[in-house]
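Working notes, beginning with the structure itself.
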Amino acid sequence: MKAFSGLIGAVALLLAGTAHADDGYRLWLRHGGETARPAPVDAPAGAPMTVAVRGATPTLRLAADELARAMPAGTMPVTVATAGDAGIAALRLPFAALGDEGYLVRTVTLDGKRTLLIAGNSDRGTLYGAFALLRHLATGGTTSTAALTSAPKVKLRVLNHWDNLDGTVERGYAGQSLWDWWTLPDLKDPRYTDYARANASLGINGTVLNNVNAKADSLTPRYIAKAAALADVFRPWGIKVYLSARFSAPIELGGLKTADPRDPAVAAWWKAKADEIYRAIPDFGGFLVKANSEGQPGPRDYNASHADGANMLAAAVRPHGGIVMWRAFVYADTDPTDRAKQAYSEFKPLDGTFADNVLVQVKNGAIDFQPREPFHPLFGAMPKTPLMMEFQITKEYLGFATHLAYLGPLFEETLAAKTGRGRETVAGVVDGSSEGHRLTGMAGVANIGRDRDWSGSTFNQANWYAFGRMAWDPALPAEPLAREWAQQTFGGDARVVDTAVAMMMGSREAVVDYTGALGLAHLMATGHHYGPGPWVSDLKRPEWNPAYYHKADRDGIGFDRTKTGSNAVAQYAAPIARQLADPKTTPERDLLWFHHVRWDRPMRSGKTLWQDLVAHYDRGVGYVAGMRRQWDGVRALVDAERWQKTADDLAVQEREARWWRDASLSYWMSVNRLPLPAGVTPPEHDLAWYRAQHFDYVPGHY
Ligand code: BDP
């Protein structure tokens with residue numbers, strides 16, 4: 001009998017363990033609401049509190065539902081409303097400053113009763129207010145201290161999905177695409193709702209559904225109907241749908257002989273196509289275009305300019321209020337001297353020639369989402385054109401899904417950078433404050449897939465989170481965002497939160513250190529971009545080769561972008577250009593990006609450049625070992641499922657960090673013939689071994 005009850009006890013314990021297992025599906029929204037599968041809800045016990053809705057739109061109802069599920073029992077009643085409601089208008093609250101999407105949360109007296117009011121000028125604003133209140137409560141705030149006001153500084157806060165119609169995701173490391181194109185529009189996976197809800201909780205208000213390397217098929221009636229079904233799900237959450245447009249679609253779908261943007265038949269085809277899309281999706285956001293880059297078609301194929309192409313598409317969507325996001329990531333063989341100069345060379349002369357419903361979407365740096373890049377010289381150089389920031393949330397160059405690398409500091413570093421025009425920062429360019437642009441935007445290449453935890457790891461969710469919050473306000477610093485994310489994701493235990501934040505804050509720098517510090521970039525293996533490949537030098541186009549970027553030889557290393565080299569520094573405003581022209585005034589973290597210097601150059605550390613570089617590799621690997629120890633320390637305080645997955649990921653990261661270090665050091669030593677500084681551990685294998693590593697079926701490479 002005793003044994004039997006013991007068994008029951010064990011089973012009960014096991015079941016309880018399962019019930020508390022956490023697969024990360026709920027993201028930072030611990031108050032439940034999963035539609036895809038019932039999950040435990042950290043909802044407060046007790047009698048539900050009352051939520052009154054004034055003027056029930058679907059969006060206001062969603063706001064009320066969120067609050068009803070999550071607000072502590074026994075707190076004062078809550079009212080969700082919009083500014084236009086007569087009773088609310090009578091309160092004379094400062095709605096004017098909130099714009100279309102801002103919110104306020106405060107205690108008021110309504111119909112003679114005290115209530116916590118959540119309201120915006122639009123129901124979307126109110127929904128954002130509801131999520132802001134929940135964030136306030138989940139990060140230590142109380143209803144009595146809840147007096148919140150905020151309006152987004154950036155108008156278009158958009159995810160870019162590089163999702164293909166066959167369900168694969170280019171540079172995606174979190175499983176297949178969320179969009180099940182095959183079963184749409186008939187089947188609407190409940191995850192579409194949960195996706196929209198997660199985005200709305202951050203203020204993300206747009207999503208580009210398909211890859212920038214676009215297929216014309218997504219503009220066919222069949223696929224427009226599928227996109228429309230997604231738009232219907234997203235609409236109440238304040239999210240608009242956009243599509244990547246293939247520039248040659250008039251030829252492929254329309255049977256025209258040309259896609260020349262100056263040809264009236266081409267313009268007419270796009271106009272009719274836009275009309276057709278808007279009939280299915282009345283609030284369609286517009287088009288994103290990658291043109292004349294990496295083999296994509298574009299106006300340059302017809303000797304027309306990027307502005308000709310963008311403006312033609314802009315005219316097609318203009319009658320419907322649509323916009324065009326035209327990417328500046330051009331990468332053609334037009335300027336063989338320095339790939340970093342191409343976007344500026346092509347786009348800067350076009351400043352002032354774009355239609356007013358066009359944004360030029362610029363990657364954060366001039367090459368390609370490397371672990372560190374100096375800010376793109378186009379920021380500050382096109383004052384008459386709204387420039388949209390493009391960050392990569394998916395970690396193509398920062399270790400895929402397994403490496404823990406919090407990108408908040410990368411985003412912050414770029415946004416806080418001074419452009420050299422007075423006190424202007426990149427954030428000021430992006431949020432429009434610098435030139436008074438009203439059309440502003442920030443795009444993030446999504447890290448979302450069909451994995452249960454959405455992003456391939458719990459900590460990757462923080463990058464989606466930080467992107468969304470910084471898109472709302474580009475001045476938000478990375479550290480407090482890490483903290484509020486950790487509080488919401490792991491609960492209130494300060495030991496877990498402090499540990500998570502400490503791990504996160506140095507994690508991106510660690511990736512820089514173990515993949516190549518001091519301004520090195522583009523050292524990864526070819527094609528799939530998994531692991532190191534600094535030795536690669538035999539690819540057809542020069543700028544495909546890592547050797548083109550590091551230019552290491554017996555004497556020195558680095559890309560000379562000063563007057564004696566490509567003179568890319570001249571693309572920056574004068575004060576910055578002057579600073580970067582001299583290795584002595586260039587920040588050491590960007591040294592080899594701008595200068596070719598000797599291996600024995602003295603560094604601020606007192607070491608030579610070579611010794612310093614070696615120290616960075618060791619620091620990077622050491623940081624990962626440190627994260628493993630820190631994570632071990634909170635084992636008992638984190639649910640088993642998320643703890644174990646993270647621990648396993650960190651083990652992979654440490655192994656791969658060592659691989660990067662050892663392979664890179666082997667290669668550098670083969671070039672500079674220098675010994676390792678005393679006491680430094682030699683690489684595990686010889687260079688031939690690292691060069692022989694070969695990988696098939698690498699995720700994200702399609
Ligand atoms: C590069 C990616 C490639 C993308 C390209 C882009 O490797 O897959 O198509 O960016 O941004 O970094 O268009």
Side-chain angles (χ1 to χ4, degrees), residues 158-166 168-174 177 208-215 218 242-248 287-298 300 306 309-310 325-333 339-340 342-343 346-347 359-373 376 378 387-401 405 407 410 414 441-449 463 467 511 515 521-531 533 536 539 541 543-546 548-549 695 698-702:
V158 182
L159 288 179
N160 287 187
H161 286 267
W162 287 359
D163 293 21
N164 298 316
L165 302 182
D166 65 2
T168 59
V169 181
E170 182 154 341
R171 311 311 179 178
Y173 312 102
S177 171
V208 184
L209 298 175
N210 59 321
N211 193 350
V212 286
N213 296 321
K215 291 260 189 289
S218 47
Y242 300 75
L243 289 173
S244 292
R246 182 161 167 90
F247 200 75
S248 53
F287 294 124
L288 170 65
V289 186
K290 171 175 178 177
N292 297 115
S293 177
E294 300 186 320
Q296 294 301 309
R300 300 287 304 262
H306 285 285
M325 300 167 287
W326 190 272
R327 294 178 90 221
F329 178 69
V330 289
Y331 176 15
D333 37 14
R339 175 177 166 194
Q342 290 187 20
E346 284 200 48
F347 278 83
L359 298 108
V360 172
Q361 183 168 309
V362 183
K363 287 189 182 183
N364 58 285
I367 300 278
D368 200 354
F369 296 140
Q370 297 304 293
R372 165 164 287 123
E373 296 197 26
H376 201 302
L378 274 176
L387 298 188
M388 188 159 175
M389 171 63 76
E390 179 176 320
F391 285 126
Q392 192 178 45
I393 310 172
T394 188
K395 301 200 308 296
E396 176 180 358
Y397 302 99
L398 289 99
F400 293 8
L407 302 180
L410 186 161
T414 308
M442 181 135 58
V445 180
N447 65 349
I448 300 162
N463 293 330
F467 166 77
V511 179
T515 58
H522 207 292
L523 302 173
M524 67 288 169
T526 305
H528 51 62
H529 299 170
Y530 173 63
V536 176
L539 304 175
R541 273 185 25 199
E543 77 284 11
W544 287 349
N545 294 292
Y548 163 97
Y549 295 92
F695 302 92
V698 180
H701 185 222
Y702 306 105

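Order of appearance sets the numbers: ligands from 1, and atoms from 1 within every ligand. Counting from 1, the numbers follow the sequence of the chain as shown. This structure is a prediction, so every number in the text was calculated from the model and none was measured. Values reported hereafter were calculated over all heavy atoms of this structure, with side chains retained and with hydrogens, waters and symmetry mates removed.
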With distance as the sole criterion, is a donor-acceptor pair present between the side chains of Arg541 and Tyr548 under 3.5 Å? no
A student checking ligand 1 against Asn213 at a 4.0 Å heavy-atom cut-off should list atoms 9 (O)
When you check the gap from the basic side-chain N to the acidic O, do Glu396 and Arg171 get nearer than 4.0 Å? yes
Under 4.0 angstrom from ligand 1, any heavy atom of Gln392? no
Among all protein heavy atoms, pick the one closest to atom 7 (O) of ligand 1 and tell me residue, atom and distance. Glu396 OE2, 2.5 Å
Is Glu346 salt-bridged to Arg300, cutoff N-O under 4.0 Å? yes
Which label fits Tyr549 and His522: parallel for a plane angle under 30°, tilted from 30 to 60°, or perpendicular past 60°? parallel
Relative to the heavy atoms of Lys290, which atoms of ligand 1 are at a distance of less than 4.0 Å? 4 (C), 5 (C), 6 (C), 9 (O), 13 (O)
Quick test of your reading of the structure: of Glu170, Arg171, Gln361, whose heavy atom lies closest to atom 4 (C) of ligand 1? Glu170
For Asp368, the ligand 1 atoms with a heavy-atom partner under 4.0 Å come out as 1 (C), 10 (O), 12 (O)
Scan side-chain atoms only and decide if Asp368 and Tyr397 contain a donor-acceptor pair under the 3.5 Å cut-off. yes
Quick one: closest heavy-atom pair of Met388 and Met442, and the distance? CG-N, 3.8 Å
Examine Glu390 against ligand 1 and note whether any of their N/O atoms are separated by less than 3.5 Å. no
Lys363-ligand 1 polar pair, N/O distance under 3.5 Å: yes
Step by step, work out the side-chain hydrogen bond (donor to acceptor under 3.5 Å, both in side chains) result for Lys395 and Asn447. CA-CA 8 Å; Lys395 301 200 308 296; Asn447 65 349; over 6 Å; no
min-distance protein heavy atom vs atom 5 (C) of ligand 1 -> Glu294 OE1, 3.3 Å
